[in-house]
2 protein chains.
Amino acid sequence: MYFVNDKEFKCSVGVTLDIFNDKWKLSIIWHLLDNDKRFKELHQEISEITQKTLTVKLRELESKNIIHREVFPEVPPKVVYSLTPIGKKLRPVLESMFKWGIEYVEEFGTINGENACEIGKFNT
Amino acid sequence: MYFVNDKEFKCSVGVTLDIFNDKWKLSIIWHLLDNDKRFKELHQEISEITQKTLTVKLRELESKNIIHREVFPEVPPKVVYSLTPIGKKLRPVLESMFKWGIEYVEEFGTINGENACEIGKFNT
DNA sequence: TCCCTTACGATACTTTAGGTAAGTAATGGA
DNA sequence: TCCATTACTTACCTAAAGTATCGTAAGGGA
């Protein structure tokens with residue numbers, strides 16, 4: 001039995017699923033894997049997310065110790081988001097999703113042109 | 001560039017995230033990894049999900065070719081759900097989530113008693 | 001002096017996903 | 001006759017996410 005913030009889990013995969021049980025958090029992690037990013041950069045790269053939802057999700061990830069938020073006291077403002085050590089350890093999770101996605105598309109989708117994943121993320 | 005059902009993705013991890021962008025699908029996969037299950041069994045094991053949501057999510061997973069639904073013409077009804085070949089290939093994804101969850105709990109949670117994951121799922 | 005720009009939000013409102021509670025079908029058993 | 005069983009539906013309600021607009025604070029230009 002595991003406890004995280006007074007919440008109870010029978011199994012460690014439940015802990016992970018509970019943290020990433022929404023639409024956006026894993027996407028954000030994915031985009032922070034190789035480089036720290038400013039708010040605006042994340043917003044441009046994950047273009048379907050709204051500003052509001054992005055700020056909410058970033059705060060949630062920060063409160064769960066998965067990302068770090070650094071504010072530079074400048075004008076206009078500058079806020080840089082980065083993965084914490086435990087956040088960086090999510091790489092194998094995303095990597096296995098990346099590989100499964102390729103297999104899924106090979107079977108049920110079509111491939112047109114090349115894989116436009118950011119270079120260096122995985123050597124696949 | 002990948003296409004799945006006329007939806008466009010730059011990267012294969014996007015395909016995966018798009019399929020599992022809701023609250024319940026990965027939990028359902030997790031519970032089907034080792035054994036095929038009837039509707040009622042899934043409902044009892046994933047006790048927080050409602051009947052309605054479970055049926056919706058099962059139908060969505062079926063339409064994406066990730067689970068198979070077999071109806072036995074009996075009374076009372078019997079419906080057995082199982083993973084398709086591509087569904088079974090999600091094991092590494094869940095396995096990496098399982099491992100990350102343990103690391104996360106070791107750092108930010110507490111462990112009380114033992115891990116109550118179903119035996120045989122992973123030898124960790 | 002006033003207004004525009006920039007980056008990171010906050011706020012009010014609408015839409016959609018998910019939750020609650022009840023009902024249905026077909027059969028067998030008390 | 002009435003109830004239990006299983007796998008759903010259906011009508012209704014709430015919470016999460018999306019849309020659109022506004023706020024802040026410093027510097028620059030007219």
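Reminder, nothing fancy here: chain letters follow the sequence lines and each chain counts from 1. If you're wondering where the values come from, they're calculated on a predicted model, not measured in any experiment.
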Report the distance from atom [atom1] of [X] to atom [atom2] of [N], rounded to the nearest whole Å.
X: A/F39; N: C/dT6; atom1: CZ; atom2: P; answer: 16 Å
X: A/H43; N: C/dA10; atom1: NE2; atom2: P; answer: 14 Å
X: A/E41; N: C/dC8; atom1: CD; atom2: C1'; answer: 14 Å
X: A/E74; N: D/dA25; atom1: CD; atom2: C1'; answer: 13 Å
X: A/L58; N: D/dA17; atom1: CG; atom2: P; answer: 13 Å
X: A/E62; N: C/dC8; atom1: CD; atom2: P; answer: 14 Å
X: A/L54; N: D/dA16; atom1: CG; atom2: P; answer: 18 Å
X: B/R38; N: D/dA7; atom1: CZ; atom2: C1'; answer: 9 Å

Q: Please report the C-alpha distance between B/F108 and A/K64 in whole Å, then the side-chain angles of each, then the deciding distance to 0.1 Å, and finally whether the side chain to side chain contact (heavy atoms under 4.5 Å, CB included) criterion is met.
A: CA-CA 9 Å; B/F108 301 107; A/K64 291 171 193 296; over 6 Å; no

Q | Considering all heavy atoms, the nearest B/I49-B/H43 contact | A |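 Taking B/I49 first and B/H43 second, the nearest heavy atoms are O-CE1, 3.2 Å.
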
Q: Could I get the full list of side chain to side chain contact (heavy atoms under 4.5 Å, CB included) partners for B/Q44, not counting sequence neighbours?
A: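 Only B/K40 meet the side chain to side chain contact (heavy atoms under 4.5 Å, CB included) criterion with B/Q44.
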
Q) Is the shortest side-chain N/O distance from B/K40 to OP1 or OP2 of D/dT6 below 4.0 Å? A)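 Looking at the OP1 and OP2 atoms of D/dT6, one of them is under 4.0 Å from a side-chain N or O of B/K40.
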
Q.
Below the 4.0 Å mark, does C/dC8 have OP1 or OP2 next to a side-chain nitrogen or oxygen of A/R59?
A. no

Q: Using a strict 4.0 Å threshold on nitrogen-to-oxygen distance, state whether B/K57 and B/E60 make a salt bridge.
A: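 Result for this pair is yes, salt bridge flagged.
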
Q: Would you mind checking if A/K78 and A/E70 are paired as a salt bridge, meaning a charged N to carboxylate O distance below 4.0 Å?
A: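 Salt bridge flag = no for A/K78 with A/E70.
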
Q | Rounded distance [0.5 Å steps], CG in B/N5 versus CD in B/E8 | A | 13.5 Å

Could you go through residues 9-20 of chain B and list every donor-acceptor pair under 3.5 Å that involves a side-chain atom there, pairing it with any protein atom two or more places apart or in another chain?
| residue | atom | partner | partner atom | Å |
| --- | --- | --- | --- | --- |
| B/S12 | OG | A/F98 | O | 2.7 |
| B/T16 | OG1 | A/M97 | O | 2.7 |
| B/T16 | OG1 | A/G101 | N | 3.4 |
| B/T16 | OG1 | B/S12 | O | 3.4 |
| B/D18 | OD1 | B/K7 | NZ | 2.9 |
| B/D18 | OD2 | B/K7 | NZ | 3.2 |

Q | B/S/- contact track for nucleotides 16-30 of chain C, protein heavy atom under 4.0 Å | A | --BBB-----BS---

Q) When we call it a touch if two heavy atoms are under 4.0 Å apart, what does B/Y81 touch: a base, just sugar-phosphate, or nothing? A) sugar-phosphate

